[in-house]
Amino acid sequence: MFITKGNTMSEDERHDRSNEPKASSISRELLTTSMLTAVGTAALVGIHHRYRKQQHPNASLQDYVAGMRAQLQALQPGAGSTPNLKRFRYACQQAAVSWQQAYHQAIDVKSNVLDLTTMHTTTMLARPVRWVSGVASMPKDQASLNQNEHDFGVVGIDADRQIVWQTNMPERVHDIVVQPTNVSESQVQHSNVEQRRDVVVMGRRPSERFWVLDTSNGQVQHAIKADLHRHFYGHACYSLDGKLLYVTENDTVSLAGKIGVYDTNDAYKKVAEFNSYGIGPHELIMHPDGETLVIANGGIKTEQASREELNLDTMRPSLVYLNRHDGTLLEQVVPEHNQMSIRHLAMHNDGTVMIGIQFQGEKHINVPLVLTHQRGDVSFAPLTMPNNQWQRFHQYIASVAVDSDRNLLCVTTPIGGCAAIYDLHTRELIDDVSLPDCAGASVLSSASRSTNKVDDPIESSGFIVSDGQGQLTALRVSVSPDSKLNGKDDKHVSTDSQLHRMSFDNHLQAL
């Protein structure tokens, strides 16, 4: 009995002993997994750092520590911790995809992406992109991760005017051009797969580069360099089928304006070139007929890598219509004053061109700065300002955006510090809103309109305006119910802004 009792274990003791080998095995597996994870992470960081050092000799391993610290700081306890955790999780998912794409493209010798710093993307929210904007000053804590001399970039913006993704760029950008799609927004919403679209980011004139990004995540797909004796003038447009890209360019030898044609299906290879029939072509847009290019020849000569105006006394601006297939000149119109530089354009669905002027003459001269034109008209038709006081805009229109469905036009002036909205039915000013350093303008998306605190969304429409102070401001145009009862159609503009820690640049483009 004694021996039997001494060698007998309780059920609990046998269970504990039987788990000892299993626990030891699990511990070894955890240790092995942790070691492999550490080695794999170190290898990935080493590979990434090697390519960064090739482009930026001052790059340091400390950058990775700073990046992780910046992400962890977002996870502060409090009421907003749950959204921050969701954003952090999505950022990690996107980072994995970004790394995979970055190394695939970096090793692929056929890739046009030569500067890995342009591929640094920080995804903040898992939301569809509604607008894309250039940024003249990115948040310092993000820009510092790349050790860039400058902190220029591009951002994707959602319907709530929050940043979806941000991509650092090696130089300041200007125009943002979104590739057209034949799939309607409703079809995309009811599909499990969203159609991939490009967004072209033009360097600020005079630039020798433009970049092609993926609209969904901001990843750089191609970096295109100008031909010899050419530089870009800051704007581009797609054909309506999205197969060709047309870019305003300068011949740095003859100083003649050119239109470069690039094949989107062949990595944006240049396939043709037309004359712009003028000097200093700036913005160009596609006519609704799908066959005609509309070009704003600013009329100002500039040399290579220079923004100095060489011919202000003798400049000759013009609006030009070209056949997009062979470059044949179809029509050319000049303004009433030779120093009315035609700079920015927007196209109404009915084929009316909206024109923003930057006047290069004496400050006391009062000339119309917002014009319209239709094919066949021999001259431009100016919109009206109260008491003809065009000086409100300080002779400078930065962006032009048109809402064809509601016949509204928005123009911005950073020098004048305001955005103005016109009623195209009456061609009169509805109102102007003080917005210091505002420049970018685009139509509010349908999703944004649906969030308005207005019973009937048809009665409320408007625009989104960006500025150098970091604001994205919605300008909503509404018709007063009282005015309708009185048989009038009085419109008023209401505003609300979202503030961001960045300085938005010249142009804002809707998807």
Side-chain angles (χ1 to χ4, degrees), residues 112 114 134 169-179 198-213 222-239 242-264 266-287 292-311 315-330 332 341-345 358 505-507 509:
N112 286 322
L114 304 178
M169 303 301 293
E171 64 183 76
R172 187 174 174 184
V173 304
H174 192 71
D175 194 16
I176 309 291
V177 187
V178 179
Q179 187 177 32
D198 291 338
V199 55
V200 166
V201 179
M202 300 299 303
R204 182 173 183 255
R205 72 173 182 92
S207 174
E208 295 183 348
R209 288 184 286 183
F210 70 80
W211 299 265
V212 183
L213 281 62
H222 306 284
I224 308 301
K225 194 175 188 304
D227 285 351
L228 182 66
H229 302 309
R230 296 288 184 273
H231 69 65
F232 301 128
Y233 261 132
H235 281 268
C237 77
Y238 279 98
S239 57
K243 295 180 179 180
L244 293 175
L245 181 77
Y246 300 89
V247 181
T248 51
E249 303 183 12
N250 183 40
D251 183 330
T252 59
V253 177
S254 68
L255 303 186
K258 301 292 181 180
I259 306 299
V261 186
Y262 296 79
D263 185 350
T264 66
D266 190 13
Y268 287 79
K269 178 182 178 182
K270 190 172 186 178
V271 294
E273 183 178 273
F274 307 142
N275 288 323
S276 78
Y277 293 90
I279 294 172
H282 194 56
E283 187 160 17
L284 78 168
I285 54 178
M286 187 64 60
H287 194 278
T292 307
L293 285 169
V294 186
I295 303 161
N297 282 316
I300 302 175
K301 289 183 179 180
T302 57
E303 294 177 324
Q304 187 171 10
S306 172
R307 291 173 62 86
E308 181 182 358
E309 296 92 351
L310 304 177
N311 65 329
M315 56 185 285
R316 185 174 174 80
S318 64
L319 184 74
V320 163
Y321 296 83
L322 294 186
N323 180 301
R324 78 173 182 92
H325 300 287
D326 57 16
T328 300
L329 177 63
L330 303 175
Q332 187 169 26
S341 182
I342 300 175
R343 306 291 289 172
H344 292 110
L345 307 174
Q358 293 177 8
D505 220 322
N506 292 78
H507 294 290
Q509 183 65 251

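Every value quoted in this text rests on a predicted model; they were computed, and no experiment measured them.
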Worksheet item: Taking only residues two or more places apart in sequence or in another chain, which ones pass salt bridge (Lys or Arg N to Asp or Glu O under 4.0 Å) with Asp505?
Response: Arg172
Fill in: Heavy-atom side-chain proximity of Leu322 to Leu329 below 4.5 angstrom
yes
Worksheet entry | Ser239: which of Leu244, Leu245, Leu293 passes side-chain contact (heavy atoms from CB on, under 4.5 Å) | Leu244
Practice prompt. Answer whether the closest heavy-atom distance between the side chains of Ile259 and Thr248 falls below 4.5 Å.
Written response: yes
Response to the item:
Shortest non-hydrogen pair, Ala236 vs Met202, comes out as CB-SD, 3.9 Å
Discussion item. My understanding is that only residues two or more places apart in sequence, or in another chain, count here; which of them pass side chain to side chain donor-acceptor pair (under 3.5 Å) with Lys225?
Written reply: Glu208
Worksheet item: Any luck finding a side-chain donor-acceptor pair between Asn250 and His231 under 3.5 Å?
Response: yes
Worksheet item: Atom CH2 of Trp211 and atom CE of Met169: how far apart are they, to the nearest 0.5 Å?
Response: 4.5 Å
Worksheet item: Do Ile295 and Leu319 have side chains that get closer than 4.5 Å, going by heavy atoms?
Response: no
Worksheet item: Are Asp263 and Lys243 close enough that some pair of their side-chain heavy atoms sits under 4.5 Å apart?
Response: no
Worksheet item: Distance-only, no hydrogens or angles: does the Tyr262 side chain make a donor-acceptor pair with backbone N or O of Val247 under 3.5 Å?
Response: no
Worksheet item: His282 versus His344: any side-chain heavy-atom pair under 4.5 Å?
Response: yes
Practice prompt. First locate atom CD of Glu249, then atom OH of Tyr233, and finally report the distance between them rounded to the nearest 0.5 Å.
Written response: 11.0 Å
Practice prompt. Determine the minimum heavy-atom distance between His325 and Phe274, stating which atoms define it.
Written response: O-CZ, 3.5 Å
Worksheet item: Hey, does the side chain of Ser276 reach the backbone of Gly278 with a donor-acceptor pair shorter than 3.5 angstrom?
Response: yes
Discussion item. Strictly below 4.0 Å, N to O, side chains only: are Arg230 and Asp251 in salt-bridge contact?
Written reply: yes
Discussion item. Holding to salt bridge (Lys or Arg N to Asp or Glu O under 4.0 Å), I want the full list of residues that pass it with Glu283, two or more places apart in sequence or in another chain.
Written reply: none
Worksheet item: Can a donor-acceptor pair be found between the side chains of Asp198 and Tyr238 at a distance below 3.5 Å?
Response: no
Worksheet item: Phe210 versus Asp175: any side-chain heavy-atom pair under 4.5 Å?
Response: no
Discussion item. Is the shortest side-chain heavy-atom distance between Pro317 and Asn297 below 4.5 Å?
Written reply: no
